[in-house]
Amino acid sequence: MLIPHPLLGLRDAQEFTYLGDASLLNRPDGMAPDAAQAFYQYQYLRDNPAGVHRELWFHEQGDRSWLIVTRDTTTHEILAAELAKEAAR
Amino acid sequence: MSTVRFSALKVVAEALTGHKGWGPLWRNPDPQPDYDYIIIGGGGHGLATAYYLSNTFRQARIAVLERGWLGQGNIGRNTTIIRSNYLLPGNEPFYEFSMKLWENMEQAFNFNAMVSQRGIINLIHTDGQRDAYRRRGNAMLLAGADAELLSREQVRELCPFLNFDNARFPIKGALTQRRAGTARHDGVAWGYARGADQKGVDLIQNCEVTGLRIENGRVLGVDTSRGYIGAKKVGVAVAGNSSRVMAMAGMRLPIESHVLQAFVSEGLKPVIPGVITFGAGHFYVSQSDKGGLVFGGDIDGYNSYAQRGNLPVFEDVAEGGMALMPMIGRARLLRSWGGIMDMSMDGTPIIDRTPVAGLYLNAGWCYGGFKATPASGYAFAHLLATDTPHETARFLRLDRFERGLVIDEKGVGATPNLH
Amino acid sequence: MTQSSANRPSANRLAGGLVDRSKTLSFSFDGKGYTGHPGDTLASALLANGVRLMGRSFKYHRPRGVFAAGSEEPNALVELHDGARRDPNTRATVAELFDGLTARSQNHTGPLAFDLMAVNDLLSPFFAAGFYYKTFMWPKAFWEKLYEPMIRAAAGLGRLSMQPDPDSYDKGFLHCDLLVIGGGAAGLAAALTAGRAGARVILADEDFRLGGRLLAESHTLDDAPATDWVAVTEAELATLPNVRILRRATVWGAFDHGVYGALERVGDHMAAPTGLRQTLWRITAKRIVLAAGATERHIPFRNNDRPGIMLAGALRAYANRWAVCPAQRVAVFTNNDDGHRTALDLMAKGVQIAGVIDSRKGVAPQGDYPLFAGAMVTDSRGRLGLNRIAVTQDGRETWLDCGALGVSGGWNPNVHLSSHHRGRPVWSDALQTFVPAPAGGPPGLTVAGAATGAGSTAQALASGAAVAVAALADLGVRATAPDLPGAEDHAQHLAPLWHVPGAGRAWVDFQNDVTVKDIKLAHQENMRPVEHLKRWTTLGMATDQGKTANVTALAVMAELTGKAVAETGTTMFRPPYTGVPIAALGGGDTGAHFRPRRLTPSHEWAAAQGAVFVEVGQWMRAQYFPRPGETEWRQTVDREVLATRKGVGICDVTTLGKVDVQGADAGEFLNRVYANAMASLPVGMVRYGLMLREDGFAWDDGTCARLADDHYVVTTTTAQAGPIYRHMEFCRQCLWPDLDVQLISTTDAWAQLSVAGPNARRLLERVVDGFDLSNAGLQFMGCADLTICGGLRARLFRISFSGELAYEIAVPARYGNALMARLIELGADLGATPYGTEALGVLRIEKGHAAGNELNGQTTAQMLGMGRMVSTKKDSIGAVLSRREGMQAETRVLVGLQPVDAADPVVAGSHLFTTGAEQTTWTDQGWITSACYSPHVGSSIGLGFLADGANRIGEVITAANPLQGQQIAMRVVSPHFVDPEGGRVRD
Amino acid sequence: MTDLSPLCASGQTAPRVATHGALTITEHASRALASLALRRNAAEPHPFGLSLPGPGLWSAGQGMAAFWTGPHQWMIEAEGRAQDDFAHDLKTHAPGCSVTEQTDGWVCYEITSGRGAAPIHDLLAKLVNIDAADFGPGRATRTGLEHMSVFVIRRAQDRLAILGMRSSAGSLWHAVETAAERVEGVLK
């Protein structure tokens with residue numbers, strides 16, 4: 001696979017480490033009253049779609065950027081890639 | 001339905017009379033308007049569930065709905081390893097129960113699935129690993145399974161062809177389970193299918209479930225490509241696609257779908273005694289009764305429903321193989337395949353009720369589903385028939401994540417692609 | 001003709017062809033010597049020498065000879081080379097002949113001509129499809145003891161040498177605009193078109209000679225031999241710097257995003273590969289042209305598997321390219337015009353045609369040969385090689401003498417690669433075969449030439465050029481089709497004939513002995529879906545993957561079910577196209593280079609001291625430093641431990657991960673990453689830190705040193721250095737992007753030595769440049785920048801994992817080796833002693849410090865006795881989920897364990913039970929995590945997790961290790977065997 | 001100056017050198033390295049007059065050079081300064097930035113070709129999945145090489161640098177030298 005890095009262009013996916021669903025960006029507030037439920041859902045439940053999936057890849061053997069890659073899990077076609085740091089803001 | 005009894009005598013008789021007497025292994029029934037039990041998924045676990053539900057728990061009016069052909073799931077696409085060498089109490093008794101079922105299955109369903117107990121060897125490369133394997137081996141014995149710790153020299157006697165000294169990770173010994181081994185994966189599916197069909201279970205192929213009818217929190221039946229079918233109870237056994245089916249019930253699961261590739265070499269005269277696993281090198285191998293080396297390694301690591309993977313895994317697995325047993329270098333990799341794995345958040349499966357009354361879930365098998373097939377079917381049938389979990393499956397609950405009762409054999413946490 | 005003809009060298013060699021008769025090559029087959037020429041394959045050379053019998057089938061051990069002329073060969077498999085180089089299951093049809101080649105036939109017991117296993121053939125009625133699923137079940141014990149060993153004895157074809165592969169292999173990466181797969185008419189036209197347009201082209205062909213079928217046919221291009229055009233085109237391509245030609249290179253897999261796997265056989269055609277045997281190329285291509293050609297199919301009839309019965313196109317190839325014919329008298333069985341072309345080509349080479357048997361009624365002969373129109377071949381004779389065939393015409397059977405029969409049932413496009421993304425080929429009624437689907441193939445890949453089903457040379461040339469033009473247009477490159485030579489443009493006029501009806505066994509899949517009968521049985525037993533058919537009969541599962549069998553079998557099944565072939569569908573196509581040696585996939589970095597090796601800065605010094613090293617992940621660390629007279633490792637380790645506790649020990653601890661954390665919000669960042677507070681850490685101080693995973697389990701521990709207000713250095717365990725750094729970047733970029741924090745690893749930059757023991761301070765005083773090491777100058781858990789040894793910048797941390805007065809000193813890595821030597825030298829009078837990982841382990845166990853065996857990813861802060869470190873005043877990674885009921889209810893905690901009888905061992909991995917209790921999974925109360933012999937305590941000791949351990953100090957329990965037959969009485973003690981009050985570290 | 005004598009990453013006192021055909025591989029031990037990262041709202045500095053290059057690039061100045069290592073992050077190379085506290089020096093020239101000493105974190109192999117770009121391209125093809133055609137002089141990137149993480153810098157048509165973790169200098173040397181042997185030997 002090749003990942004279209006927003007700064008570096010097409011890169012061998014082997015340079016990256018995969019984490020999973022981009023929803024992991026939305027970490028709940030640990031001090032909130034409903035934290036227990038929120039963290040359970042945040043940490044364990046996944047949409048796991050057969051189709052378009054926003055997911056986190058770390059450019060470990062590259063520029064050390066975390067990317068959000070939008071990829072079709074049925075065809076592996078990659079539709080978009082962005083810097084997670086920008087998206088998280 | 002076929003009532004032919006298989007035996008050597010029957011084979012001889014048929015041979016002499018031109019094989020005219022062999023009937024269909026199972027019928028091709030049309031769906032009835034409704035059933036007491038519908039099992040979604042005609043893979044290994046679904047067929048085993050139907051088999052035990054009808055043969056052991058004496059239930060009737062059962063249908064198995066399969067989107068494609070029977071055994072199309074991961075039962076038709078795996079490395080055929082059977083073993084019960086787990087560490088944790090949530091797992092080991094369940095897999096040992098499965099192993100005991102393997103040991104008597106063929107006589108039970110009168111079909112030779114070529115269960116072959118030639119043993120599994122888990123290689124040890126460091127002292128820390130030996131400590132961990134010792135703890136695991138003892139856990140196996142405490143659960144009534146068999147286990148032995150082998151010295152480097154004992155491993156050498158069993159597998160003289162391994163790379164003991166020049167490898168990046170020298171071999172210091174092994175944990176072995178002699179009752180482990182392999183089985184002919186398709187044969188398992190066919191044996192259960194035939195056994196279920198003989199008890200009147202409707203095995204309905206080319207019947208894709210497109211929706212779950214749920215009213216007031218209770219399941220009423222399923223919409224399929226062959227029309228609506230009513231059911232008192234619906235069991236979902238579609239590992240790989242669990243999230244897709246349960247989404248029809250509005251549920252999100254602690255599961256990601258990943259692709260696992262595996263490989264087989266051209267047929268070779270037998271050289272590998274049993275199953276050998278090389279954890280440090282992401283490589284495991286056995287040899288089929290046809291002579292093919294059956295081997296694999298890690299999952300590709302990204303979510304996928306594509307049932308195919310990529311080149312780096314070919315290379316990674318082959319590197320491990322070459323480092324461990326350089327004598328396989330000139331064997332040719334003949335075919336690869338990729339299956340969709342239900343990777344659960346703690347690497348352990350789920351057999352449980354769901355918040356929807358009458359809807360039951362059998363999922364999250366990661367890449368260990370094949371060896372679990374008999375126990376999974378038995379335990380799921382038990383749950384469907386009695387509404388209580390089978391004792392060996394009582395920890396495989398859906399709420400264990402919320403309650404902090406995860407069963408994490410590898411100790412890597414909620415990272416599905418590391419389990 | 002029989003084997004005896006082998007005595008007459010080149011009995012079957014014809015005129016012309018593409019072999020170099022000026023050179024003669026010697027080779028041997030089954031120990032017998034033969035000769036051939038450069039340009040020959042092993043198959044063509046054997047046929048030239050009159051050898052037709054080359055192997056045995058898998059199941060029935062039927063005599064078999066060459067069937068095809070390419071990589072689709074199902075029968076002529078041999079073991080190539082001797083000794084460690086032995087190559088099992090090698091297709092004689094693609095094995096390039098070289099001088100000194102040795103080959104052996106395989107899968108027979110006794111001589112090839114008198115295979116004892118051929119008894120299976122007589123028993124074949126018992127071995128019908130799926131037979132083994134129906135028997136061998138009773139009596140139960142017999143499966144393991146008798147049946148399976150029997151089956152396994154018969155398993156497999158060739159033999160591995162069982163020796164390490166002596167050849168070397170290589171990997172590489174190539175990139176191009178256009179990858180052209182196949183160097184036949186279509187491929188050459190495509191490559192020429194793109195090459196001239198200036199695009200970066202890779203042209204790969206599995207053959208050792210470009211041209212594909214152009215080499216096998218007698219067709220002319222512009223009225224000249226086709227090989228002329230091939231030569232001219234090849235020459236032009238060679239002059240283009242933007243074109244790379246890979247010969248002997250099979251593109252075997254189509255992966256995601258334009259990545260293709262290719263195997264280049266660099267040295268396989270040499271007697272002894274000079275260094276490199278094969279290269280695995282990972283090719284990244286923007287666009288791909290698949291011009292892989294087509295494979296001819298046969299027509300099953302009774303006894304259609306004898307040596308001498310071949311594909312008609314193969315007969316033609318052997319005659320035209322290799323100037324060989326397996327016999328002087330040949331017949332042809334066809335359902336299309338192609339068969340007639342075979343007869344004409346052979347006649348042109350002086351071969352006698354016994355007859356052309358054409359299943360079509362009313363066809364006319366195309367030359368001067370006996371034609372049997374509307375006829376079929378219904379049987380054959382010849383035990384080890386064909387000598388007669390039965391022809392049935394209008395119900396009358398006549399026998400024809402012939403030494404070879406060419407069978408032509410039409411051609412199947414090689415759709416393999418175009419289906420690697422699981423898009424299935426589609427059925428074409430017009431062509432009566434499966435052709436690549438218009439959509440669903442690998443993105444960027446288009447198909448040209450015979451691979452599309454278009455059969456003629458003219459079509460191939462035109463489509464190759466057109467497809468290349470279109471592909472480049474996609475990339476914004478303007479290309480124009482070259483002037484293409486005039487070429488034949490015949491249609492085949494095929495009338496489908498999938499098998500000859502009648503009794504007896506008619507083979508569909510030769511290698512696996514799958515016959516029409518087996519397919520009928522599968523149908524009868526309701527194994528009708530193609531995947532069931534395949535798995536029940538083993539159709540297409542042989543080394544050839546059913547290249548010459550699958551379509552025919554599907555058509556037969558379709559006929560039985562009364563469905564159209566289109567509805568029956570195909571099985572899945574998966575990589576590789578042809579087998580790839582595992583060694584080639586493994587590449588060069590095997591054995592000791594299988595994974596990189598990391599060395600510590602003091603490695604050279606340690607090696608010079610005769611240290612014993614041990615793998616710790618990728619690192620090689622000194623395990624212990626044996627001295628003369630020490631006969632076993634325990635003596636050495638005990639000495640190192642005692643020397644450290646009595647004097648001073650020095651250990652290279654560089655392998656611990658180090659992360660430099662800077663920025664205005666560094667403190668706040670670490671507060672959120674660690675379970676305990678770090679923002680409150682004063683500058684110049686160090687704090688022990690515990691990290692949890694977000695799921696609340698303990699993950700990693702280390703120290704956190706604050707060098708400045710906005711500058712921390714944190715350490716991780718050796719094993720977790722990578723994952724923790726990745727996690728910290730995740731926190732920085734994904735969770736808290738607004739914090740001002742910068743991270744970078746400095747693990748390798750600094751050599752870090754642990755200096756531990758009562759004499760540690762006195763030793764360090766001898767190297768620091770006037771730095772005050774007293775408690776006033778550097779208190780316990782303090783850190784400082786300083787210089788040593790006359791101005792070398794260094795960092796000093798006063799931390800201890802041994803329980804002794806201890807420091808860790810860090811210097812630029814290049815000085816680590818010298819500093820180690822210097823400290824040992826200067827500390828001679830202080831008992832300065834180097835210690836390795838074994839002593840390190842003993843020292844930390846004696847002190848009760850958790851390490852990898854305790855931090856195994858399954859334990860919690862609470863279990864480690866650090867529950868209180870998880871701050872509830874702040875939100876940090878893992879804090880919330882660590883409070884789940886199931887984890888709070890966990891009562892197992894870390895305790896120390898000491899054998900009641902000091903002579904007893906303590907064995908890690910033992911399980912803990914209340915003394916006298918039944919020992920089961922359900923009465924299990926914990927396990928021993930770490931154990932060692934403690935010279936300080938004077939017995940073995942251990943650490944372990946024990947249920948309710950905190951309240952059981954003093955209790956005697958049982959450590960059970962049934963795996964090794966041990967039951968040992970243990971006293972539960974504090975995990976701190978040394979200086980529980982912690983006075984020494986503060987000295 | 002300290003009286004401790006340093007070792008090269010290769011474990012020897014003198015840098016390692018090997019020549020295979022047109023390719024010469026030299027361990028370069030005298031260059032100082034320091035990482036430079038922008039802090040929040042910090043202006044991009046021009047330390048020692050260097051203009052910091054953009055993504056995927058390397059730029060050289062007088063005895064100094066810089067290559068991009070990540071968003072707002074660079075590595076600064078200083079010839080002949082390996083023994084000094086170059087990081088400290090750089091910090092004073094890059095106010096408001098995070099600077100970290102990296103000199104001994106890396107082993108650097110400088111590769112020169114006596115036959116122009118071709119052998120360099122062949123070598124790249126055997127080592128890393130980088131398209132040499134898009135990797136001309138002035139390009140720099142981090143990537144994987146035989147399971148190791150490396151920086152690759154194209155200093156000139158005929159000059160390449162490969163930086164790897166100091167601790168795996170031996171494994172990296174083995175990989176690079178084996179590839180050079182094959183490029184210049186077996187395959188020619």
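First the proteins, then the strands, lettered A, B, ... as listed; each starts at 1.
Of the residues considered (D/Ala9, D/Gly11, D/Ala37), D/Gly11 shows the highest number of contacts with chain C, using heavy-atom pairs under 4.5 Å. In terms of heavy-atom pairs under 4.5 angstrom with chain C, the leader among D/Leu124, D/Thr178, D/Ile130, D/Leu172 is D/Ile130. Between chain D and the residues C/Pro601, C/Ala751, C/Gly790, C/Gly791, the most heavy-atom pairs under 4.5 angstrom are made by C/Gly790. Comparing D/Asp134, D/Asp104, D/Leu127, D/Thr69 by heavy-atom pairs within less than 4.5 Å of chain C, the highest count is held by D/Asp104. In terms of heavy-atom pairs under 4.5 angstrom with chain D, the leader among C/His603, C/His711, C/Arg597 is C/Arg597. Of all the listed residues (C/Lys171, C/Arg595, C/Met620), the one sharing the greatest number of non-hydrogen pairs under 4.5 Å with chain D is C/Arg595. Of all the listed residues (D/Thr2, D/Leu38, D/Asp85), the one sharing the greatest number of non-hydrogen pairs under 4.5 Å with chain C is D/Thr2. Of the listed residues (C/Gly172, C/Gly587, C/Ala813), the greatest number of heavy-atom pairs within a distance under 4.5 Å of chain D belongs to C/Ala813.
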### Query
After noting the C-alpha distance and the side-chain angles of D/Thr103 and C/Arg814, does the key distance pass the side-chain contact (heavy atoms from CB on, under 4.5 Å) rule?
CA-CA 9 Å; D/Thr103 304; C/Arg814 68 183 60 198; 3.7 Å; yes
### Task
Show your reasoning for whether side-chain contact (heavy atoms from CB on, under 4.5 Å) applies to D/Asp131 and C/Thr284.
CA-CA 9 Å; D/Asp131 186 351; C/Thr284 304; over 6 Å; no
### Query
What's the verdict on side-chain contact (heavy atoms from CB on, under 4.5 Å) for D/His88 and C/Arg793, showing C-alpha distance, side-chain angles and the deciding distance?
CA-CA 11 Å; D/His88 181 273; C/Arg793 60 193 181 281; over 6 Å; no
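For D/Ala82, the parts lying under 4.5 angstrom from a heavy atom of chain C are both the backbone and the side chain. Proximity to chain C (any heavy atom under 4.5 Å) is shown, for D/Gln83, by both the backbone and the side chain. Of the two parts of D/His174, only the side chain, counted from C-beta on, holds a non-hydrogen atom closer than 4.5 Å to a non-hydrogen atom of chain C. For a residue to count as touching a neighbouring chain, one of its non-hydrogen atoms must lie under 4.5 Å from one of that chain's; by this rule C/His593 touches chain D with the side chain only. No part of D/Leu33 comes within reach of chain C, as not one of its non-hydrogen atoms sits under 4.5 angstrom from that chain. Looking at C/Leu280, neither its backbone nor its side chain comes within 4.5 Å of chain D, counting heavy atoms on both sides. Contacts of C/Asp665 with chain D are made by side-chain atoms alone, with heavy-atom separations under 4.5 Å and no backbone atom involved.
Atoms CG and CZ, from D/Asp3 and C/Arg822 in turn, are 4.0 Å apart once rounded to the nearest 0.5 Å. C/Leu276 contributes atom CG, which lies 5.5 Å from atom CZ of D/Arg182 (distance to the nearest 0.5 angstrom). Between the CD atom in C/Glu604 and the OG atom in D/Ser10 there is a gap of 8.0 Å [rounded to 0.5 Å]. Residue D/Arg166 holds its CZ atom at 11.0 Å from CG of C/Leu599, rounded to the nearest 0.5 Å. In this structure, D/Leu4 CG and C/Ile788 CD1 are separated by 6.0 Å, a value rounded to the nearest 0.5 Å. Summarising the geometry, atom CD belonging to C/Gln618 is positioned 8.5 Å from atom CE belonging to D/Met148; distances are rounded to the nearest 0.5 Å.
The closest donor-acceptor contact from the side chain of D/Asn129 to the backbone of C/Phe173 lies at 3.5 Å or more, if one exists at all.
Between C/Asp748 and D/Ser167, the closest heavy-atom pair is OD2-OG, 2.6 Å. When all heavy atoms of C/Ser745 and D/Gln102 are compared, the pair lying nearest together is O-NE2, 3.2 Å. For the pair D/Arg40 and C/Asp740, the tightest heavy-atom approach, listed with the atom from each and the gap, is N-OD1, 2.9 Å. Of all non-hydrogen atoms in D/Ser98 and C/Gly663, the two that sit nearest each other are OG-N, 4.2 Å. Taking each heavy atom of D/His147 and C/Phe594 in turn, the nearest pair found is CD2-O, 3.9 Å. Of all non-hydrogen atoms in C/Trp750 and D/Glu101, the two that sit nearest each other are CZ2-OE1, 4.2 Å.
Of residues 654-662 of chain C, those residues lying under 4.5 Å from chain D by any heavy-atom pair are C/Asp660, C/Gln662.
Among pairs with a residue in residues 150-162 of chain D, those fulfilling side chain to side chain donor-acceptor pair (under 3.5 Å) read D/Glu77-D/Arg155, D/Glu110-D/Arg155, D/His121-D/Arg154, D/Arg154-D/Gln157, at least two apart in sequence or across chains.
Counted within 6.0 Å of NE2 on D/His28, heavy atoms from surrounding residues, nucleotides or ligands total more than 12; the atom is thus considered enclosed.
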